[in-house]
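Only heavy atoms go into these numbers, but all of them, side chains included; no hydrogens, no water, no symmetry mates. First listed ligand is number 1; within each ligand, the first listed atom is number 1. Just so it is clear, the structure is predicted and the values come from calculations on it, not from any experiment.
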Amino acid sequence: MATDIDVAALDPAATAAAGFASRYGTAPAGLWAAPGRVNLIGEHTDYNDGFVLPFALPQRVVVAAGPARAGWQVSSDTQPDPVSFGDAEVARPGVLGGWAAYVAGVVWALRDAGLPVPPARLAIASDVPVGAGVSSSAALESAVLTALIGLGGLDLPVERRPGIAQRAENAYVGAPTGIMDQAASIRCRAGHALFLDCRTQQVQHIPFDVAAHGLAVLVVDSNAPHRHVDGEYGARRSSCEAAARLLGVPALRDITPDGLDEALHRCADAVMRRRVRHIVTENQRVLDTVARLSGGRIREIGPLLTASHASMRDDFEITVPEVDVAVEAALTAGAYGARMTGGGFGGCVLALVDAARAEETAAAVEAAYGARGFPAPTAWVAAPGPGATRL
Ligand code: GLA
């Protein structure tokens with residue numbers, strides 16, 4: 001594949017360990033890693049108390065960590081300047097800005113949950129693409145969280161960890177995201193997709209060994225500039241919450257497909273009707289996808305993926321021409337199904353393809369981009385990797 005990212009060529013574990021040694025003059029006490037994710041299906045359903053089905057990417061953030069006398073020192077392979085902070089910066093949310101906010105936010109959220117966070121020196125390295133909609137920020141939060149828990153021997157059950165990482169993002173960094181990304185980064189298992197009920201936080205690991213079925217998930221980064229992503233995300237969330245209030249339910253999760261027509265009838269606003277329809281139908285598509293995967297019918301999830309894309313494009317209105325073109329080109333090249341994955345307004349598309357046709361499909365998308373004068377996309381085949389772990 002001409003546009004392949006050579007994952008093996010980048011080794012964040014070695015980079016983090018070397019970064020630690022050169023910065024602090026000693027070896028780290030350990031290395032902890034947490035992956036980025038792609039979401040197979042279930043978009044914008046998480047903050048509606050609904051269902052999602054992400055899987056972990058092989059790309060990950062690695063944190064080399066060791067003890068310190070006081071405070072936190074952090075360096076990153078992608079940032080020119082290391083950052084140090086102490087109690088003042090983690091006394092309340094938002095004191096520190098920039099990339100280090102993701103680290104300080106985790107320290108703050110852990111402490112806020114009553115946990116004795118150890119002072120630490122950290123060196124971070126990552127091969128998770130940034131700005132591609134594959135959750136590089138959740139991977140960073142989850143890796144730092146896992147490292148601090150490991151270093152300090154903190155007692156925090158795995159089910160509670162995503163919520164703490166999400167608080168770092170919501171309250172400290174200030175992004176109103178749902179629980180999916182941190183849950184995926186922390187709780188995914190290799191060879192599986194994570195079926196998460198975002199209301200109860202219950203998970204089921206759904207076998208998703210595409211290679212065993214002669215299939216591949218092709219991920220195509222549209223490389224489209226993210227447009228108005230923060231404001232639009234917040235607007236979608238507000239609209240869903242307003243709809244739930246209007247319909248008298250705790251969250252849109254509580255509207256079932258059977259009750260959809262009646263719910264739509266009660267929404268006077270056409271935009272709100274479209275938002276509601278996306279969430280209700282998307283939740284059902286997640287359930288249908290899980291049923292097909294559980295029955296070993298992997299190819300048959302294709303139409304659900306494609307229907308999800310149409311719903312994001314027409315009802316939730318979060319796609320951009322680059323991702324629509326990538327989906328169309330992949331389908332024309334024979335993909336079983338394709339959809340944008342992640343929050344929207346750019347980012348990545350995933351396509352379920354015969355493994356032998358992955359390269360051809362990537363080339364077809366690239367050709368379609370060339371024909372429209374879009375910058376070249378980046379594509380790679382993603383096998384479901386493990387969640388956060390000590391290396
Ligand atoms: C972003 C958010 C998630 C989720 C997705 C959309 O990735 O961080 O919480 O809402 O968008 O599904």
Side-chain angles (χ1 to χ4, degrees), residues 34-57 59 61 101-102 105 128-142 161-188 193-199 201 203 219 221-222 226-241 244 251-253 275 278-283 285-286 289 304-305 308-309 311-313 315-320 323 339-350:
R37 62 97 189 95
V38 290
N39 187 19
L40 188 56
I41 196 162
E43 224 63 80
H44 288 258
T45 42
D46 60 352
Y47 57 78
N48 288 292
D49 275 4
F51 306 109
V52 294
L53 191 62
F55 66 88
L57 287 171
Q59 291 96 327
V61 173
Y102 293 93
V128 183
V130 174
V134 293
S135 289
S136 57
S137 55
L140 174 56
E141 291 152 359
S142 303
R161 295 179 187 188
I164 304 266
Q166 184 198 14
R167 276 205 88 207
E169 174 111 18
N170 291 171
Y172 199 102
V173 177
T177 56
I179 190 79
M180 171 171 70
D181 303 342
Q182 292 81 5
S185 189
I186 290 169
R187 302 188 72 181
C188 276
L194 183 83
F195 176 36
L196 171 69
D197 180 332
C198 298
R199 171 167 280 166
Q201 303 287 311
V203 304
V219 179
D221 182 352
S222 68
H226 273 248
R227 304 174 182 107
H228 314 298
V229 65
D230 291 346
E232 294 288 354
Y233 186 95
R236 295 303 179 283
R237 188 169 181 153
S238 305
S239 180
C240 291
E241 287 166 355
L252 289 184
R253 172 331 181 3
R275 306 298 186 250
H278 168 73
I279 298 300
V280 174
T281 58
E282 185 76 349
N283 272 326
R285 280 186 289 269
V286 176
T289 302
L304 296 167
L305 304 180
S308 168
H309 186 79
S311 180
M312 290 190 288
R313 184 191 58 215
D315 278 348
F316 222 59
E317 298 174 281
I318 53 172
T319 71
V320 293
V323 300
R339 63 182 290 276
M340 184 189 75
T341 180
F345 307 100
C348 288
V349 159
L350 61 80

List every atom of ligand 1 that sits less than 4.0 Å from any heavy atom of Gly343, numbering the atoms from 1 in the order shown and giving each element.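 The list of qualifying atoms is 6 (C), 11 (O).
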
Thr177 heavy atoms, cut-off 4.0 Å: which ligand 1 atoms fall inside? 2 (C), 8 (O), 9 (O)

Determine, step by step, whether Phe195 and Phe55 satisfy the ring pair (Phe, Tyr, Trp, His ring centres under 6.0 Å) criterion, reporting the C-alpha distance in whole Å, the side-chain angles of both residues, the deciding distance to 0.1 Å, and the verdict. CA-CA 9 Å; Phe195 176 36; Phe55 66 88; over 10 Å; no

Suppose we measure from [atom] to each protein heavy atom; which comes out shortest, and what is that distance?
atom: atom 8 (O) of ligand 1; value: Asp181 OD2, 2.6 Å
atom: atom 10 (O) of ligand 1; value: Tyr233 OH, 2.6 Å
atom: atom 9 (O) of ligand 1; value: Asp46 OD2, 2.5 Å
atom: atom 5 (C) of ligand 1; value: Met180 CE, 3.8 Å

Under the side-chain hydrogen bond (donor to acceptor under 3.5 Å, both in side chains) rule, what do Ser308 and Glu43 come out as? Steps first, then yes or no, please. CA-CA 8 Å; Ser308 168; Glu43 224 63 80; over 6 Å; no

Between [Y] and [X], is there a salt bridge with N-O shorter than 4.0 Å?
X: Arg339; Y: Glu282; value: yes
X: Glu317; Y: Arg313; value: no
X: Arg37; Y: Asp181; value: yes
X: Asp49; Y: Arg253; value: no

Please determine, by modelled atom types, if Thr289 and Arg285 share a side-chain donor-acceptor pair under 3.5 angstrom. no

Before signing off on this row, confirm whether [X] and ligand 1 have an N or O atom pair separated by under 3.5 Å.
X: Gly178; answer: yes
X: Asn39; answer: no
X: His44; answer: yes

Is it the side chain (CB and beyond), the backbone, both or neither of Arg37 that lies under 4.0 Å from ligand 1, heavy atoms counted? side chain

